[in-house]
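Beneath this line is the structure, given in structure tokens, with notes to follow.
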Amino acid sequence: MMTFDIPHSPGNDGSFLLSINESEPLHFQSRLDALSYANQLARQREQQGLDYAINVEGGDGKWRLFHRLNRINS
């Protein structure tokens, strides 16, 4: 399963981050841009029959599942 993690606060450089499978994060101008890119990659995985989860951190510091596709439980 591929995981996409989007923290609530921007990084030290002011960009918004998207980490894929806990790798070095990608940088975006807005949080919405990061989420849109994660959704784009997730759709590609879905078309390939692969699982994914998009996790988004809230302003309260709690991580929440934004979207998930798990073929075993679908």
| task | Kindly state each residue pair satisfying side chain to side chain donor-acceptor pair (under 3.5 Å) with at least one member in residues 14-24, sequence neighbours excluded. | result |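 Sorted result for residues 14-24: Thr3-Asn21, Asp13-Ser15, Ser15-His27.
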
| said: On a heavy-atom basis, which atom in Ala42 and which in Ile54 lie closest, and how many Å separate them? | reply: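 That closest heavy-atom pairing would be CB-CD1, 4.1 Å.
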
| Minimum-distance pair of heavy atoms, taken over all atoms of Ala34 and Leu18 |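 The pair with the smallest heavy-atom distance is O-CD2, 3.8 Å.
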
To the nearest 0.5 angstrom, please state how far the [atom1] atom of [X] sits from the [atom2] atom of [Y].
X	Y	atom1	atom2	value
Asn55	Arg68	CG	CZ	9.0 Å
Leu26	Leu41	CG	CG	8.0 Å
Ile20	Tyr52	CD1	OH	13.5 Å
Leu17	Glu57	CG	CD	10.5 Å

| field | Results of side chain to side chain donor-acceptor pair (under 3.5 Å) for Ser30 - residues two or more places apart only | value |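 If we apply the side chain to side chain donor-acceptor pair (under 3.5 Å) test to Ser30, skipping adjacent residues, the hits are Asp33.
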
| Heavy-atom distance under 4.5 Å between the side chains of Arg31 and Ile6, does that happen here? |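 Yes, their side chains come closer than 4.5 Å.
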
| message | List the residues meeting ring pair (Phe, Tyr, Trp, His ring centres under 6.0 Å) with Phe16, not counting sequence neighbours, and say none if there are none. | response |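 Per chain and number, Phe16 pairs via ring pair (Phe, Tyr, Trp, His ring centres under 6.0 Å) with no residue.
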
| Results of ring pair (Phe, Tyr, Trp, His ring centres under 6.0 Å) for His8 - residues two or more places apart only |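 His8 satisfies ring pair (Phe, Tyr, Trp, His ring centres under 6.0 Å) with no residue once adjacent residues are dropped.
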
In residues 59-66, what donor-acceptor pairs under 3.5 Å come from side-chain atoms, sequence neighbours left out?
{"unit_1": "Asp60", "atom_1": "OD1", "unit_2": "Lys62", "atom_2": "N", "d": "3.0"}
{"unit_1": "Asp60", "atom_1": "OD1", "unit_2": "Arg64", "atom_2": "NH1", "d": "3.1"}
{"unit_1": "Asp60", "atom_1": "OD2", "unit_2": "Arg64", "atom_2": "NH2", "d": "2.7"}
{"unit_1": "Arg64", "atom_1": "NH1", "unit_2": "Lys62", "atom_2": "O", "d": "3.3"}

| task | Any ring-ring contact (aromatic ring centres under 6.0 Å, His included) involving residues 29-49? Give me the pairs, sequence neighbours left out, ordered by first then second residue. | result |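 Found Phe28-Tyr37.
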
| field | Greater than 12 external heavy atoms within 6.0 Å of Gln44's CD | value |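 More than 12 heavy atoms, drawn from other residues, nucleotides or ligands, come within 6.0 Å of this atom.
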
